[in-house]
Amino acid sequence: MQLIYAQSLDDLSSMDLYMMLKLRQDIFIIEQDCIYNDLDNYDPLCEHLLLKDGTNVVACARIVPENTKFNQPSIGRVAVHKEYRRQGLGKEMMLKALEVLSKKNIDTVIIEAQSYLLAFYESLGFHKISEAYTVDGISHHKMIYRY
């Protein structure tokens with residue numbers, strides 16, 4: 001598998017961009033049966049991580065800069081194709097995103113985690129800092145990571 005790090009959308013091929021957006025749509029909109037605006041105007045500001053198996057994008061994540069969604073940088077839109085789950089790819093994507101931020105001397109990262117994934121993010125060192133709240137009909141918690 002090949003990990004692609006893109007500092008901007010311009011660094012992605014049109015096909016990789018298409019496949020990343022399709023993966024996110026397939027998971028967050030279709031699989032989770034949640035109609036929401038995935039194209040939220042943050043992507044052009046973000047750094048992107050894609051994991052490819054051959055020509056297929058099988059996992060992705062984005063790094064949202066500080067003072068965009070939150071005062072601190074954030075990691076979001078972490079998605080793994082359903083045929084590639086339970087192989088540690090979500091963890092691999094999160095660790096790579098945290099590594100990218102670490103190299104920038106970032107000391108704090110905030111995420112908005114779907115509540116059913118709390119244990120996963122806690123295993124990576126994130127700590128819950130909010131009670132559950134609903135975003136687009138799905139329960140979330142705000143979590144923090146400190147280096």
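Residue numbers count from 1 along this sequence. A quick note: this is a predicted structure, and the numbers were derived from the prediction, not measured.
Residue-environment remark: NZ (Lys142) stays at or below the threshold of 12 foreign heavy atoms within 6.0 Å. Open room surrounds CD on Glu131; 12 or fewer heavy atoms of other groups in view lie less than 6.0 Å from it. Within a 6.0 Å sphere centred on CG of Asn41, other residues, nucleotides and ligands contribute 12 heavy atoms or fewer. Atom CZ of Arg85 is surrounded by more than 12 heavy atoms from other residues, nucleotides or ligands within 6.0 Å.
Lys91 has its side chain within reach of Leu124: a pair of non-hydrogen atoms, C-beta onward, lies under 4.5 Å apart. Under the 4.5 Å side-chain criterion, counting only non-hydrogen atoms from C-beta, Met143 is not in contact with His127. Here the side chains of Asp26 and Glu31 are not in contact, with every heavy-atom distance at 4.5 Å or above. Glu66 places none of its side-chain heavy atoms less than 4.5 Å from the side chain of Asn71. Put simply, the side chain of Tyr36 reaches to within 4.5 Å of the side chain of Asp38, judged on heavy atoms. Within the 4.5 Å cutoff, the side chain of Val80 has no heavy atoms near those of the Val58 side chain. In this structure the side chain of Arg77 never reaches within 4.5 angstrom of the side chain of Tyr42, judged on heavy atoms.
Residues Met19 and Val57 share a closest heavy-atom pair of CE-N, 2.9 Å. Nearest heavy atom pair, residue Ile106 against residue Pro73, reads CG2-CG, 3.6 Å. Between Leu23 and Cys60, the shortest heavy-atom contact is CD2-SG, 3.9 Å. Closest heavy-atom contact between Leu12 and His48: CD1-CB, 4.4 Å. Taking every heavy atom of both residues into account, Ile75 and Ala97 meet most closely at CD1-CB, 3.6 Å. When all heavy atoms of Ser74 and Val109 are compared, the closest pair comes out as CA-CG1, 4.2 Å.
Of the inter-residue distances, the one linking Asn56 atom CG with Met15 atom CE reads 10.5 Å to the nearest 0.5 angstrom. Taking CD1 of Ile111 as the reference point, atom NZ of Lys69 lies at 10.5 Å (rounded to 0.5 Å). Expressed to the nearest 0.5 Å, how far OG of Ser123 lies from CG of Leu117 amounts to 10.0 Å. Distance CD1/Ile30 to CD/Gln25: 4.5 Å, rounded to 0.5 Å. Considering OG1 of Thr108 and CD of Gln72, their distance stands at 6.0 Å, rounded to 0.5 Å. Taken to the nearest 0.5 Å, the CG atom of Leu51 stands 12.5 Å off from the NE2 atom of His81.
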Notebook entry, point to check: Going through the checks in order, is the side-chain contact (heavy atoms from CB on, under 4.5 Å) test met by Leu50 and Tyr5?
Noted result: CA-CA 7 Å; Leu50 280 65; Tyr5 165 68; over 6 Å; no
Next item on the list: Please report the C-alpha distance between Leu89 and Met1 in whole Å, then the side-chain angles of each, then the deciding distance to 0.1 Å, and finally whether the side-chain contact (heavy atoms from CB on, under 4.5 Å) criterion is met.
Entry: CA-CA 10 Å; Leu89 301 182; Met1 286 204 230; 4.2 Å; yes
Next item on the list: Show your working on side-chain contact (heavy atoms from CB on, under 4.5 Å) between Ile63 and Cys46 and close with a plain yes or no.
Entry: CA-CA 5 Å; Ile63 301 170; Cys46 294; 5.8 Å; no
Notebook entry, point to check: Step by step, would you call His140 with Thr134 a side-chain contact (heavy atoms from CB on, under 4.5 Å)?
Noted result: CA-CA 6 Å; His140 285 72; Thr134 302; over 6 Å; no
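The hydrophobic clustering, which links ILVMFWY residues whose side-chain heavy atoms are closer than 4.5 Å, places Ile27 and Leu39 together.
For the residue pair Ser115 and His141, a side-chain donor N or O sits within less than 3.5 Å of a side-chain acceptor on the partner. Side-chain atoms of Glu92 and Gln87 form no donor-acceptor pair, as typed in the model, at a separation below 3.5 Å. Counted by atom type alone, Glu112 and Tyr133 present one or more donor-acceptor pairs between their side chains at under 3.5 Å. No hydrogens or angles considered: nothing links the side chains of Tyr18 and Asp16 as a donor-acceptor pair under 3.5 Å.
The existence of a salt bridge linking Asp43 and Arg62 is confirmed by a sub-4.0 Å separation between a basic side-chain nitrogen and an acidic carboxylate oxygen.
Using the six-membered ring where Trp is involved, Phe126 and Tyr145 have ring planes that are tilted, between 30° and 60° apart.
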